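Notes follow once the structure below has been shown.
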Amino acid sequence: SMHAQMEKDETADRKGVMILLASIVVLVLVLFLLYRQRMMRRQHRELLQQNGEYAALLASLQTKDTILESPIVKHFHELSTHDAHPSDEEWQQLYQLIDQQHPRLFPSLQKDYTMTEPELHAVCLIVAKCTPSQMSVLLVYSKGNVSNLRRRLYRKLTGKDGSGTDLDELVNGLCR
């Protein structure tokens with residue numbers, strides 16, 4: 001009888017251990033599934049953010065293409081190849097096009113500092129993807145003066161020393 005009782009106790013203990021192991025397995029599975037669901041939500045949010053950034057990049061590229069394909073920008077590029085200079089009216093057309101395509105550009109550049117006409121022209125030429133050589137023709141400046149203008153403007157806008165390339169990156173960044 002004692003032997004039978006010991007077998008019953010052993011069987012009960014085994015059942016208890018099996019139930020405990022099954023409970024632990026179920027708990028681990030539930031925790032794993034909750035963790036996996038959380039990770040999938042995080043990945044989903046990251047993908048949505050990346051898609052938004054990609055859509056914004058595509059929109060900015062399309063806007064840039066629109067500007068580069070516009071007749072006034074093509075005209076400025078053409079003028080620079082013939083050592084010709086834009087009229088005040090042509091500068092105004094370029095400015096209006098850029099302001100229309102990038103309405104936050106000029107206000108953000110001029111929030112702390114009113115830009116001079118040559119500085120505004122330089123910014124327009126940066127947006128129009130003109131090279132420093134083209135800028136020197138269109139602004140009727142030497143290449144050295146164009147370089148100085150771009151460096152000084154970067155310093156005025158940011159308070160930091162930088163190059164003309166730094167100014168290009170700043171302006172193009174504001175156009176995105």
Side-chain angles (χ1 to χ4, degrees), residues 1-70 73-74 77 94-115 119-120 122-135 147 149-176:
S1 144
M2 192 165 173
H3 183 65
Q5 184 61 37
M6 283 178 57
E7 279 186 20
K8 268 186 175 179
D9 288 345
E10 244 181 64
T11 304
D13 286 347
R14 280 191 196 130
K15 282 183 183 178
V17 167
M18 292 301 277
I19 290 172
L20 179 63
L21 286 175
S23 299
I24 290 172
V25 167
V26 167
L27 179 64
V28 168
L29 278 173
V30 166
L31 290 174
F32 172 75
L33 291 173
L34 288 172
Y35 171 78
R36 186 165 181 248
Q37 184 180 26
R38 190 170 157 208
M39 292 307 293
M40 289 178 76
R41 282 187 185 141
R42 179 181 294 152
Q43 287 176 336
H44 182 71
R45 279 193 307 272
E46 289 171 359
L47 283 173
L48 286 175
Q49 180 183 356
Q50 289 170 356
N51 285 345
E53 291 168 359
Y54 182 68
L57 176 64
L58 284 177
S60 79
L61 290 174
Q62 288 170 344
T63 300
K64 287 178 188 170
D65 289 344
T66 301
I67 284 179
L68 294 178
E69 293 301 315
S70 71
V73 170
K74 287 181 177 181
H77 282 270
L94 180 62
Y95 178 86
Q96 286 172 349
L97 171 71
I98 292 169
D99 193 42
Q100 178 185 19
Q101 293 288 327
H102 304 290
R104 295 186 325 250
L105 175 64
F106 294 113
S108 49
L109 287 175
Q110 298 192 83
K111 67 179 184 258
D112 298 321
Y113 165 74
T114 302
M115 291 173 27
E119 291 168 342
L120 282 170
V123 168
C124 288
L125 296 177
I126 290 168
V127 176
K129 301 293 184 229
C130 290
T131 65
S133 296
Q134 289 174 308
M135 288 182 191
S147 178
L149 170 71
R150 292 167 72 216
R151 273 199 320 274
R152 278 194 322 271
L153 182 55
Y154 182 79
R155 175 135 184 87
K156 287 177 185 177
L157 294 172
T158 66
K160 303 176 202 162
D161 288 330
S163 66
T165 306
D166 294 324
L167 178 65
D168 295 352
E169 289 174 10
L170 174 71
V171 169
N172 289 316
L174 292 171
C175 288
R176 289 192 185 111

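Just so you know, these numbers use all the heavy atoms, side chains as well, and skip hydrogens, waters and symmetry mates. Not measured: the values here are computed from a predicted model.
Between the side chain of Gln101 and the backbone N or O of Ile98, no donor-acceptor pair lies under 3.5 Å. At least one donor-acceptor pair under 3.5 Å links the side chain of Asp166 to the backbone N or O of Ser163. A donor-acceptor pair under 3.5 Å links the side-chain atoms of Asn172 to the main chain of Asp168, judged by distance alone.
Annotation: side chain of Tyr113 is in contact with side chain of Leu153 (closest heavy-atom distance under 4.5 Å). Taking 4.5 Å as the limit, some side-chain heavy atom of Arg150 sits within range of a side-chain heavy atom of Pro132. In this structure, Val123 and Leu109 have side chains that are in contact, with non-hydrogen atoms separated by less than 4.5 Å. Inter-residue side-chain proximity for Asp161 and Tyr154 is flagged as unmet; no heavy-atom pair is nearer than 4.5 Å. Here the side chains of Leu167 and Leu157 are in contact, with some heavy-atom distance below 4.5 Å. The side-chain heavy atoms of Arg155 and Arg151, taken from C-beta on, include no pair separated by under 4.5 Å.
Distance CG/Leu170 to CG/Leu174: 5.0 Å, rounded to 0.5 Å. Here the straight-line distance linking atom NZ of Lys74 with atom CD1 of Ile67 works out to 13.5 Å at 0.5 Å rounding. Taking CZ of Arg36 as the reference point, atom CG of Leu29 lies at 12.0 Å (rounded to 0.5 Å). Atoms CE and OG1, on Met135 and Thr131 in that order, are 7.5 Å from each other to the nearest 0.5 Å. Note that CG of Leu125 is 8.5 Å distant from CD of Gln134, once rounded to the nearest 0.5 Å. With rounding to the nearest 0.5 Å, the separation of NE2 in His77 from SG in Cys130 is 4.0 Å.
Pairing each heavy atom of Leu68 with each of Ala128, the nearest pair is CD2-O, 3.5 Å. Taking all atoms of both residues into account, the shortest heavy-atom contact from Leu105 to Val171 is CD1-O, 4.0 Å. The two atoms that bring Ser70 and Leu97 nearest to each other are OG-CD2, 3.1 Å, heavy atoms only.
The residues Glu119 and Arg152 are annotated as not salt-bridged, no charged nitrogen and carboxylate oxygen being separated by less than 4.0 angstrom. Salt bridge status for Lys156 with Asp112: absent, with no side-chain N to carboxylate O gap under 4.0 Å.
The environment of CE in Met39 is crowded: more than 12 heavy-atom neighbours from other residues, nucleotides or ligands sit within 6.0 Å.
Checked against side-chain hydrogen bond (donor to acceptor under 3.5 Å, both in side chains), Arg41 has no partners two or more places apart in sequence or in another chain. Taking Ser108 as the reference, nothing meets the side-chain hydrogen bond (donor to acceptor under 3.5 Å, both in side chains) condition, with sequence neighbours excluded.
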Contacts under 3.5 angstrom, residues 11-27 side chains, donor-acceptor by atom type, not counting sequence neighbours:
{"unit_1": "Thr11", "atom_1": "OG1", "unit_2": "Glu7", "atom_2": "O", "d": "2.8"}
{"unit_1": "Arg14", "atom_1": "NH2", "unit_2": "Glu10", "atom_2": "OE1", "d": "3.1"}
{"unit_1": "Ser23", "atom_1": "OG", "unit_2": "Ile19", "atom_2": "O", "d": "2.8"}

